[in-house]
Amino acid sequence: GRRGAAARAPRLYGTRKFVPRHRWGVAAAAIALLAVAGTTALALQQAREARAQARLAQANAQRAQEDAARAENTAKLVVDMFTEASPTGSHRGTQLTAADLLRSASARIERELADMPESQAELYYTVGMGLANLDEYADGVALIDRSIAQMDTLGMHGQLPATALINRAVLHRRKGELEQADTRAREALAELQRADAEIDEEERRGLRVQAHTVLATTTRSAGRYQEALALLQQVLDDRRAILGDDDPGMAVDWNNLGTAYLSLDRYAEAEAAFDQALRLLSAQGRDHPRLAWVYGGLARARMGQGDRLALADEALDEVERILRTSLSPTHSLAVNLNTNRATLHRFRGEYAQAEAADRQALALVSVQDPDGGGAHCNLGLDLLSQERYAEAGTQFAAGIEALAPLRVPAEPHLNRCRSARALALFKLGQDEASEGEIRAARQRVGDAGFTGNDDYAEIASDLAALLQACRRAARGQPV
């Protein structure tokens, strides 16, 4: 042990003596050593980056090769489809329809592109949309659903999966499948967020507009009016970024926003939104057909403010004029015109005139129509105000029958109809039936739990007062 220590001691001693005597040389050697180490590290890093770049270039080359093959196969498929459609190429001279061609194409896609699943998924979607647009709904959505599932399995991300999800949501909405539409639209938004860097900004805005538009419909139908308003505001902001403030196409967004404000009883803001739509559409001429819808919304917004009834009348006059000049006196919008006229008459206490207008509205629709259900309820209110309780009860019953399957269970219009029917029953001396109707309506309003709509508070208050009246009547007390 000592011998080893003694052997090491001279080396340590020599080092201690050498360094002070040759400090500049040692320093230079250390710097050189560090430089060599740094150069080596840099070289290693550069080598790693070079290998990564080579792998990326190889992947890009492979992707380009796959894209070229996909384009070639797609082109061949389309050419063959047109060959099949030609008189000389079609089987036994049979005339093929567009739907026949697309079904044939889907079979070939399955058979000939099995080893190119990404191309296969893309073409399933394209052919499926073609069939859906030809009203071959079942076959079309089956292919679209297959495409979406296949893209998900393959881990495909970007514009194509987002577009497929959005269009599937739109097709669900057209069929009234609102829960499924809501789900697909939210999946599309998640895909847009995940693939943010892969999609052009303007294209992403356009896709987001479509998804938010679907969600605005589904949330409003579910009675989530505040959420629908926020979505429509996002749509407006995105469309404004794409089109600019003064593009006439923005009129539809302002009109939708105004309608959302009406659902929340925010009448002044609704009027401001409809004014913007009016400004944009009026630039295309005072007889533009879409102005009729805008003036109708403007009339409702002015009525809601109470002190603007004369201006509401003027807006309804414009609706009537446009129906005559650009649409038709029997157009479906004429129903809304008459119901709005009737509402104005009720505001003024002119119940006979309101009855006449509501009967005109009913003459234009069937009871199965949602507008027909509303017209029955409005007519019932006119009759109730004239103390014609039996006739009013009949109209309310017809309105509830038409509205109940179509509306949110706790929607104000439907529950106002239910509470008014309860009042009619009460006035006819049917206290027990009236109390049952009131309790059911109160339960529906309570279950809604919505905020931001004054109609709910008003209906709840009316129902509570009616219930107290029923109880007093049952005890033989004056009501």
Side-chain angles (χ1 to χ4, degrees), residues 74 77-87 89-113 119-152 159-188 206-207 209-218 220-221 249 252 256 289-290 293 327-328 330-333 335 364-372 402 405-406:
T74 302
L77 194 66
V78 171
V79 168
D80 289 349
M81 281 171 55
F82 279 110
T83 301
E84 282 190 32
S86 69
S90 58
H91 299 293
R92 299 178 184 176
T94 304
Q95 190 70 33
L96 295 176
T97 66
D100 291 333
L101 282 173
L102 290 173
R103 289 192 185 91
S104 173
S106 71
R108 294 193 58 182
I109 290 165
E110 182 171 14
R111 186 173 62 251
E112 298 177 21
L113 298 183
S119 301
Q120 193 179 53
E122 182 176 352
L123 289 171
Y124 278 146
Y125 164 69
T126 303
V127 172
M129 284 300 298
L131 285 167
N133 289 329
L134 290 170
D135 291 329
E136 300 289 340
Y137 185 82
D139 289 344
V141 297
L143 281 174
I144 296 168
D145 287 341
R146 183 172 183 175
S147 168
I148 291 170
Q150 190 159 317
M151 285 190 278
D152 184 57
Q159 183 173 332
L160 178 62
T163 303
L165 287 164
I166 288 168
N167 281 320
R168 187 64 182 98
V170 170
L171 291 169
H172 276 305
R173 184 184 62 179
R174 286 181 189 169
K175 288 291 184 179
E177 300 161 350
L178 298 184
E179 288 186 14
Q180 297 95 319
D182 191 281
T183 298
R184 288 304 195 187
R186 293 184 191 280
E187 289 173 350
L207 292 170
V209 162
Q210 294 178 60
H212 283 157
T213 301
V214 171
L215 288 174
T217 300
T218 60
R220 189 175 187 278
S221 296
V252 67
N256 290 341
R290 288 191 177 274
W293 281 267
L327 294 169
S328 162
T330 59
H331 190 276
S332 60
L333 195 59
V335 177
L364 294 168
V365 294
S366 65
V367 70
Q368 289 78 22
D369 191 302
D371 290 327
L406 304 167

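Every value quoted in this text rests on a predicted model; they were computed, and no experiment measured them.
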How long is the straight-line distance from [atom2] of [Y] back to [atom1] of [X], given to the nearest 0.5 Å?
X    : Y    : atom1 : atom2 : result
L160 : T126 : CG    : OG1   : 7.0 Å
Y125 : I148 : OH    : CD1   : 8.5 Å
T163 : E122 : OG1   : CD    : 10.5 Å
R290 : L327 : CZ    : CG    : 10.5 Å
M151 : L165 : CE    : CG    : 7.0 Å
Q159 : I166 : CD    : CD1   : 9.5 Å

Side-chain (D152) to main-chain (A149) donor-acceptor, under 3.5 angstrom: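 Not confirmed, D152 side chain does not pair with A149 backbone.
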Any side-chain to backbone donor/acceptor pair from S104 onto D100? Under 3.5 Å, distance only.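 Not a single qualifying donor-acceptor pair exists.
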Are [X] and [Y] packed together at the side-chain level, in the sense that at least one heavy-atom pair is separated by less than 4.5 angstrom?
X    : Y    : result
T213 : R173 : yes
L178 : H172 : no
V170 : R184 : no

Minimum heavy-atom distance A121-S147, with the two atoms named: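 So the two residues come closest at O-OG, 2.7 Å.
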Which pair of non-hydrogen atoms, one from A185 and one from A169, has the smallest distance, and what is that distance?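 Heavy atoms of A185 and A169 come nearest at N-CB, 3.7 Å.
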Kindly list each side-chain donor-acceptor pair under 3.5 angstrom involving residues 127-145, sequence neighbours excluded, with atom names and distances?
unit_1, atom_1, unit_2, atom_2, d
N133, ND2, M129, O, 3.1
E136, OE1, R103, NH2, 2.6
Y137, OH, L171, O, 3.4
D139, OD2, R103, NE, 2.7
D139, OD2, R103, NH2, 3.1
D145, OD1, R168, NE, 2.7
D145, OD2, R168, NH2, 3.4

Please identify each residue that fulfils side-chain hydrogen bond (donor to acceptor under 3.5 Å, both in side chains) with D182, with sequence neighbours left out.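 Partners of D182 under the side-chain hydrogen bond (donor to acceptor under 3.5 Å, both in side chains) test: R186, T218.
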